[in-house]
Asker: 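Would you mind keeping the following structure in view while I ask a few things?
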There are 2 protein chains.
Amino acid sequence: MLHVSQRAHYGLRAMTELAKAYGNGCLSLVEIAEVEHLSAGYLEQLAMPLRRAGLIEGTRGPHGGYSLSKPPAELTVGEVIRALEGPVAPVECLTDEYVQGSCIREPGCGSRVVWRRVQQSIDQVLDSLTLADLCATAARGEVAFIPIGDIKPIGELGRNSGTVRCAVTR
Amino acid sequence: MLHVSQRAHYGLRAMTELAKAYGNGCLSLVEIAEVEHLSAGYLEQLAMPLRRAGLIEGTRGPHGGYSLSKPPAELTVGEVIRALEGPVAPVECLTDEYVQGSCIREPGCGSRVVWRRVQQSIDQVLDSLTLADLCATAARGEVAFIPIGDIKPIGELGRNSGTVRCAVTR
DNA sequence: ATATAACCTACTTAACGACTAGGTTATTCG
DNA sequence: CGAATAACCTAGTCGTTAAGTAGGTTATAT
């Protein structure tokens with residue numbers, strides 16, 4: 001469990017397409033939808049918050065479309081996800097809107113600290129990856145499917161590679 | 001976003017209660033429900049998978065209830081969550097059931113590697129905390145609310161503390 | 001024998017995610 | 001100019017699922 005929404009998933013894929021095309025004009029939603037096998041109508045819904053967050057720019061009319069407003073290397077996955085879904089917050093008492101004391105179970109709650117740490121850990125992963133990183137792995141292709149139990153120490157991927165530790169699991 | 005279900009949240013709280021009571025007989029669901037302000041009927045639904053996973057044991061009849069089947073220090077949060085919700089898998093193509101190739105978007109998918117890493121990072125956090133850790137923080141009380149931006153390097157909490165890195169955020 | 005509490009199955013309901021539909025505005029090009 | 005294009009915007013549908021209820025059966029202590 002701990003699902004991420006299709007919204008975030010699709011949005012990230014679309015942003016990766018825009019990142020690939022960065023420097024070569026813009027891509028229309030229809031073009032992106034074709035490549036990524038998504039509904040263009042739905043993509044439109046994702047484009048809006050991304051534009052409002054200042055991550056992409058739209059150009060109207062024929063040969064219009066969207067383009068990244070920053071180089072891919074300066075756009076983190078975390079920015080994209082947060083623009084689409086809001087801040088990562090596994091439980092309600094870790095959202096910005098939460099007013100301290102409003103949860104009856106607050107005093108002596110031991111589990112909150114768990115989710116807080118999960119939250120931090122997710123943020124750290126998302127903020128350590130840029131769209132440029134994703135383009136690189138997508139281009140190479142072989143990284144798309146990582147066999148479970150065979151994760152390499154990160155190394156080349158991720159700009160904060162030094163601090164992110166992906167231990168071998170199971 | 002990246003919500004965790006109430007199911008997992010409540011279940012973990014219930015398990016923490018059982019951990020506190022470990023060694024002093026068992027607790028009935030009604031007792032747990034009172035302390036944690038939860039519905040006893042709903043708790044019953046959570047008790048079942050926990051029992052089937054071998055994490056708790058039930059005793060019927062008067063003065064019956066549930067008790068942990070292992071000492072709290074040997075029960076990780078990850079075991080509890082996985083018993084309640086199944087394996088952590090942000091996207092479908094990271095579940096055990098996923099058959100490789102069934103996603104049209106699989107070739108050249110750059111985003112999968114992101115979710116894979118998120119998955120690992122979550123698992124690592126959950127597996128590094130035991131119920132005993134949670135009891136300790138709950139007992140101290142002050143840990144229940146960690147001001148954002150003021151997270152200490154882990155140290156005393158978590159048995160695998162050496163490998164888990166929670167960097168200061170923002 | 002009775003009360004208690006685990007154990008089990010099925011149902012309800014409200015919320016939400018994932019789209020679809022149908023429109024308006026701006027821009028390019030013939 | 002006007003027609004085509006594509007962003008921009010709002011609202012509605014529809015299916016799924018989480019969350020919680022209801023109503024029962026079995027085992028055990030007193």
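Here is the naming used below: chain letters follow the sequence lines, and residue numbers restart at 1 for every chain.
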Asker: Measure from CG on B/Leu18 to C1' on C/dA6 and round the result to the nearest Å.
Answerer: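 Distance check: B/Leu18 CG to C/dA6 C1' gives 13 Å.
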
Asker: With a 4.5 Å heavy-atom cut-off, do B/Met15 and B/Ile56 have their side chains touching?
Answerer: yes

Asker: Looking at every non-hydrogen atom in both residues, tell me the closest pair between A/Tyr66 and A/Leu18 and how far apart they are.
Answerer: O-CD2, 3.3 Å

Asker: Under a plain distance cut-off of 3.5 Å, with no hydrogens placed, do B/Gln124 and A/Ser121 share a side-chain donor-acceptor pair?
Answerer: no

Asker: Would you say D/dT21 has OP1 or OP2 under 4.0 Å from some side-chain N or O of B/Ser39?
Answerer: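 B/Ser39 to D/dT21 OP1/OP2: side-chain N or O found under 4.0 Å.
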
Asker: May I ask you to decide if B/Pro71's main-chain N or O and B/Glu74's side chain share a donor-acceptor pair within less than 3.5 Å?
Answerer: no

Asker: Quick one: B/Arg51 CZ to C/dA5 C1', roughly how many Å, whole number?
Answerer: 13 Å

Asker: In whole Å, I'd like the distance from the CG atom of A/Leu46 to the C1' atom of D/dC8.
Answerer: 14 Å

Asker: Where the side chain of B/Gln45 is defined as all heavy atoms beyond and including C-beta, which of C/dC8, C/dT20, D/dG20 is the nearest nucleotide?
Answerer: D/dG20

Asker: For A/Glu57 and for A/His3, locate the closest nucleotide of DNA chain D by heavy-atom distance; then report the residue assigned to the nucleotide nearer the 5' terminus.
Answerer: A/Glu57

Asker: Please check the phosphate of C/dC19 (OP1 and OP2 only) for any side-chain N or O of A/Tyr10 closer than 4.0 Å.
Answerer: yes

Asker: Using only atom types and a distance under 3.5 Å, with no angle test, would you say the side chain of B/Arg13 pairs donor to acceptor with the backbone of B/Glu36?
Answerer: no

Asker: Would the base of C/dT20 count as contacting A/Glu44 through its side chain, where contact means a donor and an acceptor less than 3.5 Å apart?
Answerer: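 Not at all, since no donor on one side and acceptor on the other fall under 3.5 Å apart.
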
Asker: So, does A/Ser111 use its side chain to make a donor-acceptor pair with the main chain of B/His9 at under 3.5 Å?
Answerer: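 Between the backbone of B/His9 and the side chain of A/Ser111 there is no qualifying donor-acceptor contact (under 3.5 Å).
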
Asker: Specify the residue among B/Ser5 and A/Thr59 whose closest nucleotide of DNA chain D lies further upstream toward the 5′ end.
Answerer: A/Thr59

Asker: When you measure from the side chain of A/Arg7, which nucleotide among C/dC7, D/dC8, C/dA18 comes out closest?
Answerer: C/dA18

Asker: Atom CD1 of A/Ile32 and atom P of D/dA6: how far apart are they, to the nearest Å?
Answerer: 12 Å

Asker: So, OP1 or OP2 of D/dA7: does either fall under 4.0 Å of a side-chain N or O from A/Arg52?
Answerer: no

Asker: Quickly work out the B/His37 NE2 to D/dG20 P distance and round it to whole Å.
Answerer: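 Atom-to-atom, B/His37 to D/dG20, this comes out as 15 Å.
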
Asker: Compare the minimum distances between each of C/dA6, D/dC9, C/dA18 and the side chain of B/Leu29, then state the nucleotide with the smallest one.
Answerer: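 Within the option list, the nearest is C/dA6.
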
Asker: Given atom CD of B/Glu92 and atom C1' of D/dT16, what is their separation to the nearest angstrom?
Answerer: 13 Å

Asker: Would you indicate, yes or no, if C/dG17 has its OP1 or OP2 atom less than 4.0 angstrom from a side-chain nitrogen or oxygen of A/Tyr42?
Answerer: no

Asker: Considering only side-chain heavy atoms of A/Tyr66, which listed nucleotide, C/dC8, D/dC8, C/dA5, is closest?
Answerer: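 For the A/Tyr66 side chain, the nearest candidate turns out to be D/dC8.
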
Asker: Rounded to whole Å, how long is the line connecting atom CD of A/Glu34 with atom C1' of D/dA6?
Answerer: 14 Å

Asker: For C/dA3, does either OP1 or OP2 sit under 4.0 Å from a side-chain N or O belonging to B/His63?
Answerer: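 So the side chain of B/His63 is outside the cut-off, no N or O lying under 4.0 Å from OP1 or OP2 of C/dA3.
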
Asker: Could you tell me the separation between the CE atom of B/Met48 and the P atom of C/dT9, rounded to a whole number of Å?
Answerer: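 That distance rounds to 7 Å.
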
Asker: Both A/Ala8 and B/Pro62 contact DNA chain C. Which one's nearest nucleotide lies toward the 5' end?
Answerer: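 Result: B/Pro62.
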
